[in-house]
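Each remark here refers to the structure printed beneath this line.
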Amino acid sequence: NAGVTQTPKFRVLKTGQSMTLLCAQDMNHEYMYWYRQDPGMGLRLIHYSVGEGTTAKGEVPDGYNVSRLKKQNFLLGLESAAPSQTSVYFCASSRRQATDTQYFGPGTRLTVL
Amino acid sequence: KQEVTQIPAALSVPEGENLVLNCSFTDSAIYNLQWFRQDPGKGLTSLLLIQSSQREQTSGRLNASLDKSSGRSTLYIAASQPGDSATYLCAVSSTQGGSEKLVFGKGTKLTVNP
């Protein structure tokens, strides 16, 4: 039981490039989330999903898109990366509603030059 | 808008000391409060979850209390060990923008010195 996994672990992009971060969970959780963590800012919710085929905006959604085509996967896309998107990105999942314990992945460290 | 504050931002103690980490939140209409641990370069690990109807939760040397009416929670760590060194994050679950979300504090970085 791997829990929540994220791919890749590290990535360096140039401004304007695009990329997709993959999150996978093997716990059959309905809810999945993408957060970013920045020094002095704490964790902030980017987008989330309450089930397969559904997505919703969080606190800081601009510049990101997401998709949840399969229940176990949640993808985060950056269409045109900007230096302001340099951050550590965490994926999380929970069994049902957001009031359940969230389980976090190990994170992806992204640098945009 | 829910805001979560953790004080102190950093704490350094000698091994064996009992310590308390503090968390406060501005809106008492919460579903639950969670304490997480984050090791450097790692993800978050859930330590304790206190439902809004509960006053405290215990797990081993950890005890978390919740006073919803005053908007406060404390995480008590007994007989601290160097392995407890990490950043501890508090998060409250409440309705934000029409849906339930977790709002995180910025964390307390704990260092336990041998």
Side-chain angles (χ1 to χ4, degrees), chain A residues 2-10 21 23-25 27 29-51 54-61 87-111, chain B residues 1-10 23-26 29-54 57 59 62 64 66 68 86-109:
Chain A
V4 180
T5 58
Q6 293 182 232
T7 308
K9 289 185 170 53
F10 303 94
L21 282 67
C23 175
Q25 54 93 5
M27 297 175 281
H29 284 172
E30 291 292 336
Y31 281 57
M32 296 187 73
Y33 316 84
W34 276 108
Y35 294 92
R36 60 178 289 173
Q37 187 176 39
D38 303 290
M41 298 294 292
L43 274 141
R44 293 179 292 170
L45 183 65
I46 304 171
H47 286 281
Y48 64 101
S49 168
V50 302
T54 73
T55 63
K57 294 180 180 180
E59 182 184 355
V60 288
S87 187
V88 181
Y89 291 85
F90 288 101
C91 175
S93 70
S94 62
R95 187 169 57 93
R96 283 190 281 182
Q97 50 194 345
T99 50
D100 289 336
T101 297
Q102 290 193 15
Y103 296 85
F104 281 76
T108 294
R109 186 172 294 274
L110 174 67
T111 301
Chain B
K1 179 184 175 184
Q2 179 74 267
E3 293 183 0
V4 179
T5 302
Q6 292 186 247
I7 294 173
C23 172
S24 62
F25 47 95
T26 54
I30 66 170
Y31 298 105
N32 62 43
L33 183 144
Q34 300 181 44
W35 282 95
F36 292 88
R37 169 184 172 138
Q38 185 176 26
D39 292 290
K42 305 291 186 182
L44 280 69
T45 301
S46 179
L47 297 172
L48 290 164
L49 184 152
I50 311 176
Q51 299 293 352
S52 62
S53 58
Q54 298 175 317
Q57 280 285 346
S59 176
L62 304 179
L66 174 64
K68 198 173 73 165
T87 296
Y88 291 81
L89 294 153
C90 164
V92 297
S93 177
S94 61
T95 298
Q96 302 287 313
S99 59
E100 298 161 3
K101 296 185 180 70
L102 273 185
V103 178
F104 286 83
K106 295 179 182 178
T108 293
K109 184 176 182 180

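Quick caveat, the model's predicted, so the values are computed rather than measured. In what follows, every heavy atom counts, from backbone to side chain, and hydrogens, waters and symmetry copies are set aside.
- If you take CG on A:D100 and OH on B:Y31, they are separated by 12.5 Å, rounding to the nearest 0.5 Å.
- The backbone N or O of A:G40 sits less than 3.5 Å from a side-chain atom of B:K106, completing a donor-acceptor pair.
- Both the backbone and the side chain of A:L43 come within contact range of chain B, judged by heavy atoms closer than 4.5 Å.
- Of the N and O atoms on the side chains of A:Q37 and B:Q38, at least one donor lies less than 3.5 Å from an acceptor on the other residue.
- Only the backbone of A:K57 comes within contact range of chain B, with heavy atoms under 4.5 Å apart.
- Note that CG of B:L102 and OH of A:Y33 are 7.0 Å apart. Values are rounded to the nearest 0.5 Å.
- Contact of the B:K101 side chain with the A:E59 side chain is not registered, since no non-hydrogen atoms from C-beta on lie closer than 4.5 Å.
- Taken to the nearest 0.5 Å, the OG1 atom of B:T45 stands 11.0 Å off from the OH atom of A:Y103.
- Only the side chain of B:L49 comes within contact range of chain A, judged by heavy atoms closer than 4.5 Å.
- No more than 12 heavy atoms of other residues, nucleotides or ligands shown are found within 6.0 angstrom of CZ on A:R109.
- When heavy atoms are compared at a cutoff of 4.5 Å, B:I30 does not approach chain A at all.
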